[in-house]
Amino acid sequence: MSDHYVKVKVQLEEIQFPGEETEKDVEVVAGLELSVSSSSSSSSSAPAAATSVAQDGKSRNDSGRKPISKTRSKSRGKPLDPGRRSRSKSAKDGTQGVASVNLQEKMENTACTAERLQNPSSNEAALEIKGSGKVLQGKAEQSKGQHGKEDGTQVQRKKRSVTVDSSKAKTSLEALKTSIKQLKWKEFPAGRRLPCDIYWHGVSFHDNENIFSGQVNKFPGMMEMVRKINLSRAVRTMHELFPEEYNFYPRSWILPEEFQLFAAEVRMAKENDSSWKPTFIVKPDGGSQGDGIYLIKDPNDFRMLGSAHNKPAVIQEYIIKPLLIDKLKFDIRLYVLVKSLEPLEIYIAKEGLSRFCTEPYQEPSQKNLHHVFMHLTNYSLNIHSGNFIHSDSMNTGSKRTFSSILYRLSSKGIDIKKVWSDIISLVIKTVIALAPELKVYYQADIPTGKPGPTCFQILGFDILLMKNLKPVLLEVNANPSMRIEHEQEVAPGVFEYVPSAVDEEVKVGVIRDTLRLVDPAPRKATNNQLHLAGIASEMQEDISDAGSSDKSEQDSGVKENNLPSLCLKQVFPKYAKQFNYLRVIDRIAELFVRFLGVKGTMRLGPTGFRTFIRNCKLCNSNLSMASVDILYIDITRRWNGMGAEQRESGMCLQAFVEAFFYLAQRRFKSLPLHEQVTALADLCGAAKRRAALAACQPEGIHSVPTAPAPPHHFNCPAAASKSADYRFHRPVLPTIKGNCIENSAVN
Ligand code: ADP
């Protein structure tokens, strides 16, 4: 370990977040500490051939890649077919006997009863958040799925291997196999006749339609929600409610419908400030790996592209002052686990990747606008630059660990705990923005009361640090590449896949620890350990071998303790107190789902909308049922006219949210929008409680109606000036010189 690293490590160990006790610091900084050792160990032990810079192309098109060696010329954006691979031998497939299933049920029933009696422990923690002095106060939910050193009460026991169906894992397969091996679980590479505990999909929830139990590593609708347009819409809605909190996403316009608006806004802003010389980045909606992306300086440049502006895309303000290292632009790929939507549980991997450009950065000008190696950090593009550096260390080259960047910044005296804390805030807020619509998808695919799996998902967050160290969200990937090999040009034009130590270090840790967190077994074990230890050993004998049947390996209770501590850090509900006030759209989505009526649908019909209005008693002398109908038709028609894909009838959640905002503005004038909306949500909640109470009470007794919670601040001039006409309220428009990213305010 170099002197510098020792110094930084000591520095990091000394970091103490405001209001936090030393013991708790370890948790927050643990990733950094972990990474110091990993960096040093890797640099000494990793074989040179295996530590070159790694493939991290986004895997929206991963599914199509096959591990076949292929010769091709260096051409941008074309998928490279893998060549040499060191595939681990697949575990043999097999089936388990019926007897073991019965026993499993017995075990599960016992465990469930015990779980209800459980009283999980928690510990407090705090983390500084943006806006100086504020700290994230949190209750760390003790992960029930956690093994190992953290669980001091773990009883040495024999337990059933957790079963994982890896038949749909696609390009995550290698990392998944390695993780399953490390956990000594049982893999079913060709699927299994009996249900598995965990199903690992490479693309979407629907990769396998016949799952009625267990857990799937994809949420229904996640792929759709993180597409560029939908992500922009979701963040924009939150920005409208909480402009200060949602200022981490570049101002964006949705094409084609907002092109005129974009052009008008730019023109007006330029008229007001002639020194303003913006740059914009155009991104096709379904694009990935930098495909189809380009920069423009003016809306007219875009018009000149002819039919291009009819295609769905996002046009976004370009961040012209990114933080540079070695004069190069870079971005950060962080892995985030959404372990559950209800209740919301979010984890962030303490280690990530940094992907570097390969041409020194200059602020965009007409001359350099087309220099992709200068402006786009995508690995899949930069790998084709002659300047790409395949490094044998995790701290140098064109792809590095995120912690190595933090060390570098820390050595320059930068407050890295604030950077990390801002990133955590960004992640939590983004998931909060996505969650409401995901819940609508979820109930449509897995209706309550019907047999179905539960879901979790690893997301890839792409984040850019601005020169002023403010993190900016670029995009969220539903299928981040989990490849642990990278392409190497072994002869001119001949590319092969070889193992990559950087990717393995980061990605295997993320998959393995995700599995540990969703492990169904420890929950049962910790609840009723002694009783279950007996049953488990009984089961151990009963389980027929499913393939990779090394009995000593299945007897893994003790060996699991040798696993490293979790690389995933819980951030929600740990910091729920600081963020729960943002979850207003969640409440609107709950109402939406309540009035959907038909299970499995995602669109509200006119009757459902009327029922919502009636149940919440929103009609009065100012709002007749006839105007409610007009409101429904108008908003629904407009939303259904947007985008090529949205041709379904009925009101989608986003349209319902718009109607809800409109109703809230009419009802609670002179308040800031988020207070208007919260007050209306309170009113609807109170109506529901009243109805429930009335249904329970004997005739003749009447409850006192519950008043909605009083709003906090009155007479906000900003809110008073808001139009109460919903047609003027939407679309929510980004203001060019607004309070989003201070693109030109830095330096
Ligand atoms: P893709 O899914 O095609 O990779 P991204 O949104 O990730 O699309 O953009 C590709 C790259 O372009 C990013 O990795 C980043 O380097 C750059 N980029 C994207 N948006 C911006 C922006 N608003 N400002 C500056 N650079 C950006």
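Start at 1 and go down the list; that is how both ligands and their atoms are numbered.
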- Atom of D207, atom of G202 and distance for their closest heavy-atom approach: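 It is OD2-N, 3.2 Å.
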- Do the side-chain N and O atoms of K218 and S204 include a donor-acceptor pair separated by under 3.5 angstrom?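 On atom types as modelled, these side chains do not qualify, holding no pair under 3.5 Å.
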Report the part of [X] in contact with ligand 1, treating N, CA, C, O as backbone and CB onward as side chain, heavy atoms under 4.0 Å; options are side chain, backbone, both, neither.
{"X": "K228", "answer": "side chain"}
{"X": "D331", "answer": "side chain"}
{"X": "V472", "answer": "neither"}
{"X": "R355", "answer": "neither"}

With a cut-off of 4.0 Å, which atoms of ligand 1 are near a heavy atom of [X]?
{"X": "H375", "value": "16 (O), 17 (C)"}
{"X": "I319", "value": "22 (C), 24 (N), 25 (C)"}
{"X": "G287", "value": "2 (O)"}

- Task: Taking ring pair (Phe, Tyr, Trp, His ring centres under 6.0 Å) as the test, write out the residues that go with H201, two or more places apart.
- Result: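 Ring pair (Phe, Tyr, Trp, His ring centres under 6.0 Å) list for H201, sorted by chain: empty.
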- Item | Residue list, ring pair (Phe, Tyr, Trp, His ring centres under 6.0 Å) with F373, at least two apart or on another chain |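 Applying ring pair (Phe, Tyr, Trp, His ring centres under 6.0 Å) to F373 gives none.
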- Query: Quick check, are the ring centers of Y379 and F388 under 6.0 angstrom apart?
  - Reply: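 Here the rings of F388 and Y379 have centres that are less than 6.0 Å from each other.
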- Mark yes or no for whether N230, through its side chain, and V226, through its backbone, hold a donor-acceptor pair below 3.5 Å.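 No; zero donor-acceptor contacts below 3.5 Å.
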- Message: Is it the case that ligand 1 has an N or O less than 3.5 angstrom from some N or O of Q316?
- Response: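 By distance alone, the answer is yes.
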- Item | I281, any N or O under 3.5 Å of ligand 1 N or O |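 No; the residue has no nitrogen or oxygen that sits under 3.5 Å from a nitrogen or oxygen of the ligand.
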- Item | From the candidates M466, K321, R333, E317, the one that places a heavy atom nearest atom 23 (N) of ligand 1 |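 Result: the heavy atom closest to atom 23 (N) of ligand 1 is in E317.
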